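In what follows, a structure is listed as structure tokens, so that the remarks can point back to it.
Since the model is a prediction, treat every value here as computed from it, not as a measurement. FYI, side chains are in, hydrogens and waters are out, and symmetry mates aren't considered; it's all heavy atoms of this structure.
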Amino acid sequence: ENARFKVALDENGDVCSILDKAAGKELLSSPLRLELLDDDSPRSPAWNIEWETIRAEPIEYVGGPATVTVESTGPLTARLRIERTLKGPTGRSTFVQIVKLAAGKAGDLLEIETTIEWGTHERLLKAAFPLAVSNPQATYDLGLGVVQRGNNSQKMHEVPAQQWADLTDVDGRYGVSILSDCKYGWDKPGDHTLRLTLLHTPRTADKHPEQAELDVG
């Protein structure tokens, strides 16, 4: 907790509440989760994320048991470390997330630093942000400007953005921006939710066997 936000975790190690104390608003409609989708991409797998992958429900989530430790706390910053492991028939991956809160103006941002040792195959990993605000349109940063796009469709489901995407309520009174310093693929499965693609290790056809190792490591 800092002057701006009060943050809570659930038993899975997911951020389940972000309360904006200044505005008196809860940012989330459900916990922030790391979702794994079945990533079947026989056609140009290095380039394509298929509509069938995006529209399906997640196969699984990164969950508990989580090891949670207070890495540091003080008058300027606090850091909470969350460690989890995912084991399954398609491989094993480990996840370390550092949740950071700061004092002063820096505290207007909740920062989550994610480090992954990825060994899971045939999966698309997305960070899902189910928000309390609602709008059929989201705004995406294009570097030289912005563009508004709607919810996922067969023709447009994985879309690019540079450093941020924003979902602001239809009345324009309150919104949430999600910033990313290294990932650029987004989708919007519904009026409340934005998702950021983190890793893409598809199941491939015989034509591209080497591409089944994309993002492993």
Taking atom CG of Asn2 and atom CG of Leu109, what is their separation to the nearest 0.5 Å? 10.0 Å

Atom CZ in Arg203, atom CD in Gln211: separation rounded to 0.5 Å? 15.0 Å

One thing to verify: whether Asp187 and Lys126 come together as a salt bridge, which I'm taking to mean a side-chain N less than 4.0 angstrom from a carboxylate O. yes

To the nearest 0.5 Å, how far apart are CG in Leu167 and OG1 in Thr193? 8.5 Å

If you take all heavy atoms of Tyr184 and Leu196, which pair is closest and at what distance? N-CD1, 4.4 Å

Can Leu179 be reached from Ile112 by stepping across I, L, V, M, F, W or Y side chains whose heavy atoms are under 4.5 Å apart? no

ILVMFWY cluster, Val70 and Leu76 together (side-chain gap under 4.5 Å): no

Can you name the closest pair of heavy atoms from Pro160 and Tyr140 and give their distance? O-CB, 4.3 Å

Quick one: do Lys183 and Leu198 satisfy side chain to side chain contact (heavy atoms under 4.5 Å, CB included)? Show the steps, please. CA-CA 7 Å; Lys183 296 294 179 178; Leu198 302 184; 4.2 Å; yes

Distance-only criterion, 3.5 Å: show the donor-acceptor pairs between side-chain atoms of residues 83-90 and protein atoms not counting sequence neighbours.
{"unit_1": "Glu83", "atom_1": "OE2", "unit_2": "Arg81", "atom_2": "NE", "d": "3.2"}
{"unit_1": "Arg84", "atom_1": "NH1", "unit_2": "Asn12", "atom_2": "O", "d": "2.9"}
{"unit_1": "Arg84", "atom_1": "NH1", "unit_2": "Asp14", "atom_2": "OD1", "d": "2.8"}
{"unit_1": "Arg84", "atom_1": "NH1", "unit_2": "Val62", "atom_2": "O", "d": "3.3"}
{"unit_1": "Arg84", "atom_1": "NH2", "unit_2": "Asp14", "atom_2": "OD1", "d": "3.4"}
{"unit_1": "Arg84", "atom_1": "NH2", "unit_2": "Gln97", "atom_2": "OE1", "d": "2.9"}
{"unit_1": "Thr90", "atom_1": "OG1", "unit_2": "His121", "atom_2": "O", "d": "3.2"}

Side-chain heavy-atom pair Ile116, Leu125 within 4.5 angstrom cut-off: yes

Output for pair (Thr120 OG1, Asp215 CG), nearest 0.5 Å, gives 11.5 Å

For the residue pair Gln148 and Thr139, what are the closest heavy atoms and their distance? NE2-OG1, 3.3 Å

With side-chain hydrogen bond (donor to acceptor under 3.5 Å, both in side chains) as the criterion, how do Ser93 and Glu117 come out once you've worked through the C-alpha distance, each side chain's angles and the decisive distance to 0.1 Å? CA-CA 6 Å; Ser93 298; Glu117 184 176 340; over 6 Å; no

Please list, one pair per line, the donor and acceptor atoms closer than 3.5 Å that link side chains of residues 128-138 to other protein atoms, with sequence neighbours excluded.
{"unit_1": "Asn135", "atom_1": "OD1", "unit_2": "Gln137", "atom_2": "N", "d": "2.9"}
{"unit_1": "Asn135", "atom_1": "ND2", "unit_2": "Thr168", "atom_2": "O", "d": "2.8"}

When you group the ILVMFWY residues by side-chain heavy-atom contacts below 4.5 Å and let the links chain together, are Val159 and Val147 in the same group? yes

Among Ile18, Leu19, Leu101, Asp20, which residue satisfies the side-chain contact (heavy atoms from CB on, under 4.5 Å) criterion with Arg4? Asp20

Does His157 reach the main-chain N or O of Ser153 with its side chain, forming a donor-acceptor pair under 3.5 Å? yes

Please name the pair of heavy atoms, one in Ala106 and one in Ala102, separated by the smallest distance, quoted to 0.1 Å. CB-CB, 3.8 Å

For the atom pair CH2 (Trp186) and CG (Leu194), what is the distance rounded to the nearest 0.5 Å? 6.5 Å

Working note: Leu80 + Val68, criterion side chain to side chain contact (heavy atoms under 4.5 Å, CB included); need CA distance, chi angles, decisive distance, verdict. CA-CA 7 Å; Leu80 198 64; Val68 181; 3.9 Å; yes

Name each donor-acceptor pair under 3.5 Å that joins a side chain in residues 45-58 to protein atoms two or more places apart or in another chain, with its distance.
{"unit_1": "Asn48", "atom_1": "ND2", "unit_2": "Arg43", "atom_2": "O", "d": "3.0"}
{"unit_1": "Glu50", "atom_1": "OE1", "unit_2": "Arg43", "atom_2": "NH2", "d": "2.5"}
{"unit_1": "Thr53", "atom_1": "OG1", "unit_2": "Asp38", "atom_2": "O", "d": "3.0"}

Residues, nucleotides or ligands: over 12 heavy atoms within 6.0 Å of Lys6 NZ: no

Side chain proximity check, Ile82 to Leu9, heavy atoms < 4.5 angstrom: yes

Ignoring hydrogens and angles, tell me if any N or O in the side chain of Asp141 forms a donor-acceptor pair with the backbone of Ala165 under 3.5 Å. no

Would Lys25 and Tyr174 count as a cation-pi pair here, with the cationic atom under 6.0 angstrom from the ring centre and within 45° of the axis? yes

Under the criterion side chain to side chain contact (heavy atoms under 4.5 Å, CB included), I'd like the reasoning laid out for Trp164 against Asp181: C-alpha separation, chi angles, the key distance, then a yes or no. CA-CA 9 Å; Trp164 56 266; Asp181 65 356; over 6 Å; no

Is Leu124 close to Leu36 at the side-chain level, that is, under 4.5 Å between some pair of heavy atoms? no

Please tell me whether Leu37 and Leu199 are part of a single hydrophobic cluster in this structure, the criterion being side-chain heavy atoms less than 4.5 Å apart. no

Check step by step if side-chain hydrogen bond (donor to acceptor under 3.5 Å, both in side chains) holds for Ser177 and Asp166. CA-CA 4 Å; Ser177 293; Asp166 175 271; 2.7 Å; yes

For Asn151 and Lys188, what are the C-alpha separation, side-chain angles and deciding distance, and is it a side-chain hydrogen bond (donor to acceptor under 3.5 Å, both in side chains)? CA-CA 5 Å; Asn151 294 340; Lys188 188 174 185 292; 2.4 Å; yes

Quick check: does any side chain N or O of Asp206 sit under 3.5 Å from a backbone N or O of Pro209, one acting as donor and the other as acceptor? no

Would you say Val99 and Leu110 make side-chain contact, with heavy atoms under 4.5 Å? yes

What heavy-atom pair brings Asp171 and Arg173 nearest, and what distance separates the two atoms? OD1-N, 3.0 Å

Hydrogens and angles aside, do Ser17 and Glu26 bring a side-chain donor and acceptor to less than 3.5 Å of each other? yes

If you apply the rule side-chain hydrogen bond (donor to acceptor under 3.5 Å, both in side chains), what do you find for Trp118 with Thr201, and how did you get there? CA-CA 9 Å; Trp118 182 248; Thr201 305; 2.8 Å; yes

With rounding to the nearest 0.5 Å, note down the distance linking CZ in Phe5 to NZ in Lys21. 10.0 Å

Does Pro189 reach the side chain of Arg195, with side-chain heavy atoms less than 4.5 Å apart? yes

Does a sphere of radius 6.0 Å around CD in Glu71 hold more than 12 heavy atoms from other residues, nucleotides or ligands, not counting ones at 6.0 Å or beyond? yes

For Leu34 and Phe95, the nearest pair of non-hydrogen atoms, with its separation, is CD1-CD2, 3.9 Å

Do Glu122 and Asp40 come within less than 4.5 Å of each other through their side chains, counting heavy atoms only? no

